[in-house]
Student: 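Supplied in structure tokens, the structure appears directly below.
Computed from a predicted model, the values in this text were never measured in an experiment.
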Amino acid sequence: MVKLRLKRCGKKQRVVYRIVAIDARCRREGRALRKVGFYDPLKNQTYLNVPAILYFLERGAQPTGTVHDISKKAGVFMELCLNQQIKFN
């Protein structure tokens with residue numbers, strides 16, 4: 001199973017997270033399938049590659065709680081709903 005999760009980067013006390021698609025059995029710092037964004041909690045900045053996130057979500061990837069909250073604030077799930085409605089119509 002593929003998960004969308006945070007991967008820790010940066011220095012001590014200056015943490016930055018990459019949002020990656022990774023196999024659920026791999027460790028946090030393991031090899032990612034693809035980098036799909038980043039999150040800086042200190043500056044409260046996010047960058048999301050929305051088409052890549054939608055690609056993995058449509059194929060069954062499960063976001064972790066934090067990644068789910070970040071994606072929800074960015075409106076990724078609204079786009080996912082719109083894409084699914086277009087496919088069924």
Student: What do the steps show when you test Val16 against Tyr39 for side chain to side chain contact (heavy atoms under 4.5 Å, CB included), and what is the final call?
Tutor: CA-CA 6 Å; Val16 176; Tyr39 170 59; over 6 Å; no

Student: Find the distance between CD1 (Ile53) and CD1 (Ile70) and round it off to the nearest 0.5 Å.
Tutor: 9.5 Å

Student: Considering non-hydrogen atoms only, spot the tightest contact between Val2 and Ala21 and give its length.
Tutor: CG1-CB, 4.2 Å

Student: Are the side chain of Arg5 and the backbone of Ala24 linked by a donor-acceptor contact shorter than 3.5 Å?
Tutor: yes

Student: Can you name the nearest heavy-atom pair linking Pro41 to Val15, along with the distance?
Tutor: CD-O, 3.8 Å

Student: Out of Leu54, Asn49, Leu48, which one pairs with Pro51 under the side chain to side chain contact (heavy atoms under 4.5 Å, CB included) rule?
Tutor: Asn49

Student: Can you tell me how far NZ of Lys35 sits from SG of Cys9, rounded to the nearest 0.5 angstrom?
Tutor: 8.0 Å

Student: Can you see which heavy atom on Pro63 is nearest to which on Val67, and at what distance?
Tutor: CB-CG1, 4.1 Å

Student: Would you compute the distance between atom OH of Tyr55 and atom CZ of Arg34 and round it to the nearest 0.5 angstrom?
Tutor: 8.5 Å

Student: Between Leu6 and Leu4, is there shared hydrophobic-cluster membership here, with clusters defined by ILVMFWY side-chain heavy atoms closer than 4.5 Å?
Tutor: yes

Student: Could you measure the distance from the OG1 atom of Thr46 to the CD1 atom of Ile19? Nearest 0.5 Å is fine.
Tutor: 7.0 Å

Student: Measuring from atom SG of Cys26 to atom CG of Leu33, what distance do you get when rounded to the nearest 0.5 angstrom?
Tutor: 7.5 Å

Student: What distance separates Arg18 CZ from Phe38 CZ, expressed to the nearest 0.5 Å?
Tutor: 10.5 Å

Student: Tell me the closest heavy-atom pair linking Asp23 and Met1, and the distance in Å.
Tutor: OD1-O, 3.1 Å

